[in-house]
Trainee: 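Dropping the structure in here first, questions after.
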Amino acid sequence: GNFQLSTKLYLKLKEINPDNFQYHIGYLRAVRQTKDRTSLLQYLNSNNNGLLAENPKILPELIFTLLSFDLNDEALKLLEQQPQDTIEKSTFYWLRGAININWGKWVLAEVDYKKCLSADPFKEECLFDYVQLLKKTNKEKELMDLVKKNDRYDLLEK
């Protein structure tokens, strides 16, 4: 629960072993919790580009951290800069859908989520976010169709 301390500890771990992508993910999660914009900007300005290319699992954490600071343009730019062979299509559309959600572009987000699920019908993160969008936009029929199609009635409770 002490995210300020977590940020400092992950920063130290990153210094000791900068190639460990789990330390970067932990650091980004702590920064997101502390709402420490300065630390995020320092992270973005440091030379982490190579690590991101080698470990695409960092990308969702970085995108959601940017979105938590309403850095939507930066998130979209980062996402679109990723080489197509390093990121799955489903992940690309899921993250772009999240960016569109942050902008309040519900229709575009829905298009992205549909493309995501078309590329990977079992992408849990996308399915969850799409259900939340359908709830938010009061699209009951589409929501029930999606839940029935995937046999995921548990998503109605979340």
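Values below: all heavy atoms of this structure, side chains included; hydrogens, waters and symmetry mates excluded. Please read all numbers here as calculations on a predicted model, not as lab measurements.
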Trainee: Check whether any side-chain heavy atom of R32 sits under 4.5 Å from a side-chain heavy atom of E61, and report yes or no.
Mentor: yes
Trainee: Measuring only between side-chain heavy atoms, which start at C-beta, is W94 closer than 4.5 Å to D112?
Mentor: no
Trainee: Quick one: does L44's side chain get under 4.5 Å of L62's, heavy atoms only?
Mentor: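 Yes, close enough: below the 4.5 Å cut-off.
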Trainee: For T91 and K123, which I'm curious about, is there any donor-acceptor pair between the side chains at under 3.5 Å?
Mentor: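 Indeed, the side chains of T91 and K123 share at least one donor-acceptor pair under 3.5 Å.
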Trainee: Any ion pair linking D73 and K77 (charged N to carboxylate O, less than 4.0 Å)?
Mentor: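 Salt bridge: no.
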Trainee: For Y10, is the OH atom crowded, meaning more than 12 foreign heavy atoms sit under 6.0 Å from it?
Mentor: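 Incorrect, the count does not exceed 12.
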Trainee: Would you call I63 and I99 a side-chain contact if the rule is heavy atoms closer than 4.5 Å?
Mentor: yes
Trainee: Residues in ring-ring contact (aromatic ring centres under 6.0 Å, His included) with Y27, at least two apart?
Mentor: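 In terms of ring-ring contact (aromatic ring centres under 6.0 Å, His included), with neighbours along the sequence ignored, Y27 is linked to Y43.
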Trainee: Working to the nearest 0.5 angstrom, can you tell me the gap between H24 NE2 and K57 NZ?
Mentor: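 Answer for the NE2-NZ pair, H24 versus K57, is 15.0 Å.
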Trainee: Is there a path of hydrophobic side-chain contacts, each under 4.5 Å between heavy atoms, that joins F69 and L66?
Mentor: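 Yes: a chain of side-chain contacts under 4.5 Å links F69 to L66.
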Trainee: In this structure, are over 12 heavy atoms from other groups packed under 6.0 Å from Y153 atom OH?
Mentor: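 Above 12, so yes.
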Trainee: Do N72 and N100 make a side-chain contact, defined as non-hydrogen atoms from C-beta onward lying under 4.5 Å apart?
Mentor: no
Trainee: Less than 4.5 Å apart, side chain to side chain, heavy atoms only: is that true for L40 and L71?
Mentor: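 Heavy-atom side-chain distance check passes, below 4.5 Å.
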Trainee: If I compare all heavy atoms of Y113 with all of L133, which pair ends up nearest, and what's the gap?
Mentor: CD1-CD2, 3.9 Å
